[in-house]
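Heads up, the thing below is written out as C-alpha coordinates.
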Amino acid sequence: MAASNSENDSKNEIPSSSEAEQPQFQAIRMPTMEEIRAQEVWNNCAVRSVVSGVMGGGLGFFMGMFLGALDNPIMQDEMTGRQQFVYNVKQMGRRSLSSAKAFAVMGLVFSAVECVVEKARAKHDTTNTVVAGCVTGGTMSARGGPKAACAGCAGFAAFSVLIEKFFDRHT
(Lines give C-alpha, C1' and ligand atoms only; values in the text may rest on other atoms or scores of the structure.)
Protein backbone atom coordinates (compact mmCIF):
# COMPACT_ATOMS: atom_id res chain seq x y z
CA MET A 1 0.00 0.00 0.00
CA ALA A 2 2.91 2.30 0.67
CA ALA A 3 4.20 1.75 -2.87
CA SER A 4 0.90 2.85 -4.42
CA ASN A 5 0.89 6.07 -2.35
CA SER A 6 4.38 6.97 -3.52
CA GLU A 7 3.30 6.37 -7.15
CA ASN A 8 0.29 8.71 -6.74
CA ASP A 9 2.48 11.35 -5.12
CA SER A 10 4.92 11.28 -8.04
CA LYS A 11 2.05 11.71 -10.53
CA ASN A 12 0.60 14.71 -8.69
CA GLU A 13 3.88 16.62 -8.38
CA ILE A 14 3.84 20.19 -9.67
CA PRO A 15 6.63 20.83 -12.17
CA SER A 16 9.33 23.26 -11.11
CA SER A 17 9.31 26.72 -12.64
CA SER A 18 12.24 25.93 -14.94
CA GLU A 19 10.38 22.92 -16.37
CA ALA A 20 7.16 24.91 -16.89
CA GLU A 21 8.92 27.76 -18.73
CA GLN A 22 10.62 25.57 -21.32
CA PRO A 23 8.70 25.73 -24.59
CA GLN A 24 7.48 22.47 -26.03
CA PHE A 25 8.86 21.93 -29.53
CA GLN A 26 7.34 19.51 -31.95
CA ALA A 27 9.06 18.05 -34.94
CA ILE A 28 8.01 19.42 -38.31
CA ARG A 29 6.37 16.75 -40.41
CA MET A 30 7.22 16.89 -44.08
CA PRO A 31 4.33 16.22 -46.47
CA THR A 32 4.24 12.88 -48.19
CA MET A 33 4.41 12.53 -51.98
CA GLU A 34 0.68 11.76 -52.08
CA GLU A 35 -0.08 14.98 -50.22
CA ILE A 36 2.13 16.99 -52.56
CA ARG A 37 0.46 15.45 -55.64
CA ALA A 38 -3.00 16.13 -54.22
CA GLN A 39 -2.06 19.75 -53.59
CA GLU A 40 -0.70 20.11 -57.13
CA VAL A 41 -3.93 18.69 -58.56
CA TRP A 42 -6.04 21.08 -56.47
CA ASN A 43 -3.91 24.06 -57.58
CA ASN A 44 -4.92 23.38 -61.20
CA CYS A 45 -7.44 26.04 -62.30
CA ALA A 46 -9.43 23.60 -64.42
CA VAL A 47 -9.89 21.19 -61.51
CA ARG A 48 -10.88 24.01 -59.15
CA SER A 49 -13.35 25.41 -61.65
CA VAL A 50 -15.02 22.10 -62.42
CA VAL A 51 -15.32 21.22 -58.72
CA SER A 52 -16.79 24.66 -57.99
CA GLY A 53 -19.24 24.27 -60.86
CA VAL A 54 -20.38 20.86 -59.65
CA MET A 55 -20.71 22.06 -56.06
CA GLY A 56 -22.60 25.16 -57.21
CA GLY A 57 -24.90 23.00 -59.30
CA GLY A 58 -25.62 20.78 -56.31
CA LEU A 59 -26.36 23.77 -54.10
CA GLY A 60 -28.59 25.28 -56.77
CA PHE A 61 -30.45 21.98 -57.20
CA PHE A 62 -31.30 21.75 -53.51
CA MET A 63 -32.21 25.44 -53.28
CA GLY A 64 -34.50 25.01 -56.28
CA MET A 65 -36.14 21.97 -54.70
CA PHE A 66 -36.78 23.93 -51.52
CA LEU A 67 -38.05 27.08 -53.25
CA GLY A 68 -40.11 25.05 -55.73
CA ALA A 69 -41.85 23.33 -52.84
CA LEU A 70 -42.89 26.72 -51.47
CA ASP A 71 -44.70 27.75 -54.68
CA ASN A 72 -48.46 27.63 -54.33
CA PRO A 73 -50.65 27.13 -57.39
CA ILE A 74 -52.72 30.16 -58.40
CA MET A 75 -55.94 28.15 -58.60
CA GLN A 76 -55.31 26.24 -55.39
CA ASP A 77 -58.99 26.23 -54.37
CA GLU A 78 -60.08 24.55 -57.61
CA MET A 79 -57.38 21.83 -57.59
CA THR A 80 -57.65 18.47 -55.91
CA GLY A 81 -54.94 17.30 -53.53
CA ARG A 82 -53.43 15.08 -56.21
CA GLN A 83 -53.35 17.93 -58.76
CA GLN A 84 -51.66 20.21 -56.21
CA PHE A 85 -49.06 17.52 -55.48
CA VAL A 86 -48.32 17.00 -59.18
CA TYR A 87 -48.09 20.77 -59.70
CA ASN A 88 -45.67 21.14 -56.78
CA VAL A 89 -43.45 18.27 -58.00
CA LYS A 90 -43.26 19.83 -61.47
CA GLN A 91 -42.45 23.24 -60.00
CA MET A 92 -39.73 21.71 -57.85
CA GLY A 93 -38.23 20.02 -60.91
CA ARG A 94 -38.28 23.19 -63.01
CA ARG A 95 -36.90 25.35 -60.24
CA SER A 96 -34.20 22.88 -59.26
CA LEU A 97 -32.86 22.51 -62.81
CA SER A 98 -32.93 26.24 -63.42
CA SER A 99 -31.18 27.03 -60.14
CA ALA A 100 -28.67 24.21 -60.63
CA LYS A 101 -27.64 25.59 -64.04
CA ALA A 102 -27.35 29.16 -62.74
CA PHE A 103 -25.31 28.23 -59.68
CA ALA A 104 -23.09 25.85 -61.65
CA VAL A 105 -22.23 28.58 -64.16
CA MET A 106 -21.72 31.08 -61.36
CA GLY A 107 -19.37 28.78 -59.43
CA LEU A 108 -17.44 27.74 -62.52
CA VAL A 109 -16.93 31.27 -63.87
CA PHE A 110 -16.06 32.82 -60.50
CA SER A 111 -13.59 30.10 -59.57
CA ALA A 112 -11.94 30.04 -63.00
CA VAL A 113 -11.49 33.80 -63.20
CA GLU A 114 -10.25 34.09 -59.62
CA CYS A 115 -7.72 31.29 -60.16
CA VAL A 116 -6.43 32.66 -63.47
CA VAL A 117 -6.13 36.21 -62.12
CA GLU A 118 -4.40 34.95 -58.99
CA LYS A 119 -1.86 32.97 -61.01
CA ALA A 120 -1.30 35.86 -63.44
CA ARG A 121 -0.76 38.42 -60.67
CA ALA A 122 1.07 35.97 -58.38
CA LYS A 123 -0.85 37.49 -55.46
CA HIS A 124 -3.64 36.21 -53.24
CA ASP A 125 -5.65 39.28 -52.29
CA THR A 126 -9.02 41.01 -52.56
CA THR A 127 -8.34 42.37 -56.06
CA ASN A 128 -8.66 38.84 -57.44
CA THR A 129 -12.07 38.54 -55.80
CA VAL A 130 -13.22 41.91 -57.20
CA VAL A 131 -12.20 40.98 -60.74
CA ALA A 132 -13.76 37.51 -60.47
CA GLY A 133 -16.97 39.00 -59.06
CA CYS A 134 -17.17 41.59 -61.83
CA VAL A 135 -16.63 39.05 -64.61
CA THR A 136 -19.11 36.62 -63.05
CA GLY A 137 -21.79 39.27 -62.52
CA GLY A 138 -21.32 40.60 -66.03
CA THR A 139 -21.49 37.11 -67.51
CA MET A 140 -24.60 36.14 -65.56
CA SER A 141 -26.50 39.28 -66.59
CA ALA A 142 -25.12 39.75 -70.13
CA ARG A 143 -28.39 38.66 -71.77
CA GLY A 144 -30.04 41.81 -70.44
CA GLY A 145 -27.75 44.09 -72.42
CA PRO A 146 -24.77 46.32 -71.62
CA LYS A 147 -26.46 48.21 -68.78
CA ALA A 148 -27.49 44.99 -67.08
CA ALA A 149 -24.00 43.56 -67.54
CA CYS A 150 -22.43 46.64 -65.94
CA ALA A 151 -24.91 46.54 -63.06
CA GLY A 152 -24.28 42.82 -62.62
CA CYS A 153 -20.54 43.42 -62.67
CA ALA A 154 -20.70 46.12 -60.01
CA GLY A 155 -23.23 44.29 -57.87
CA PHE A 156 -21.49 40.93 -57.87
CA ALA A 157 -18.08 42.54 -57.29
CA ALA A 158 -19.44 44.45 -54.30
CA PHE A 159 -21.12 41.32 -52.96
CA SER A 160 -17.89 39.36 -53.39
CA VAL A 161 -15.93 41.97 -51.45
CA LEU A 162 -18.51 41.95 -48.66
CA ILE A 163 -18.33 38.17 -48.40
CA GLU A 164 -14.53 38.35 -48.52
CA LYS A 165 -14.43 40.90 -45.70
CA PHE A 166 -16.99 38.93 -43.69
CA PHE A 167 -14.89 35.78 -43.85
CA ASP A 168 -11.67 37.86 -43.68
CA ARG A 169 -9.68 35.50 -45.89
CA HIS A 170 -7.10 38.04 -47.01
CA THR A 171 -5.38 40.16 -44.42
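Just so we're clear, the structure is a prediction, and the values are computed from it rather than from any experiment.
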*asked:* What's the separation between atom CG in N128 and atom NZ in K123, rounded to the nearest 0.5 Å?
replied: 9.5 Å

_E164 side chain to T129 side chain, donor-acceptor N/O pair below 3.5 angstrom_ = yes

*asked:* So, taking the atom named OG1 in T32 and the one named CD in E34, what distance separates them when rounded to the nearest 0.5 Å?
replied: 4.5 Å

*At their closest point, which heavy atom of G133 faces which heavy atom of S160, and how far apart are they?*
CA-OG, 3.6 Å

*E35 vs R29, salt bridge (charged side-chain N to carboxylate O under 4.0 Å, His left out): CA-CA, chis, key distance, verdict*: CA-CA 12 Å; E35 291 172 335; R29 186 182 72 81; 3.2 Å; yes

_To check you understand the geometry: which heavy-atom pair defines the closest contact between C115 and N43, and what is its length?_
SG-O, 4.4 Å

*Measuring from T139:OG1 to F156:CZ, what's the distance to the nearest 0.5 Å?*
10.0 Å

*M33 CE to E40 CD distance, which is reported to the nearest 0.5 Å*: 7.5 Å

*Flag, side chain of Q83 to backbone of T80, donor-acceptor distance under 3.5 Å*: yes

_Minimal non-hydrogen separation, S141 against G137, with atom names_ = OG-O, 2.7 Å

Please set out all donor-acceptor pairs under 3.5 angstrom arising from side-chain atoms of residues 49-66, sequence neighbours excluded.
residue, atom, partner, partner atom, Å
S49, OG, C45, O, 2.7
S49, OG, A112, N, 3.3
S52, OG, R48, O, 3.0
S52, OG, S111, OG, 3.3

*Going by heavy atoms in the side chains, are D125 and E118 under 4.5 Å from each other?*
no

For residues 95-110, tabulate all N or O donor-acceptor pairs below 3.5 Å that involve a side-chain atom, not counting sequence neighbours.
residue, atom, partner, partner atom, Å
S96, OG, M92, O, 2.9
S96, OG, G93, O, 3.0
S99, OG, R95, O, 3.1

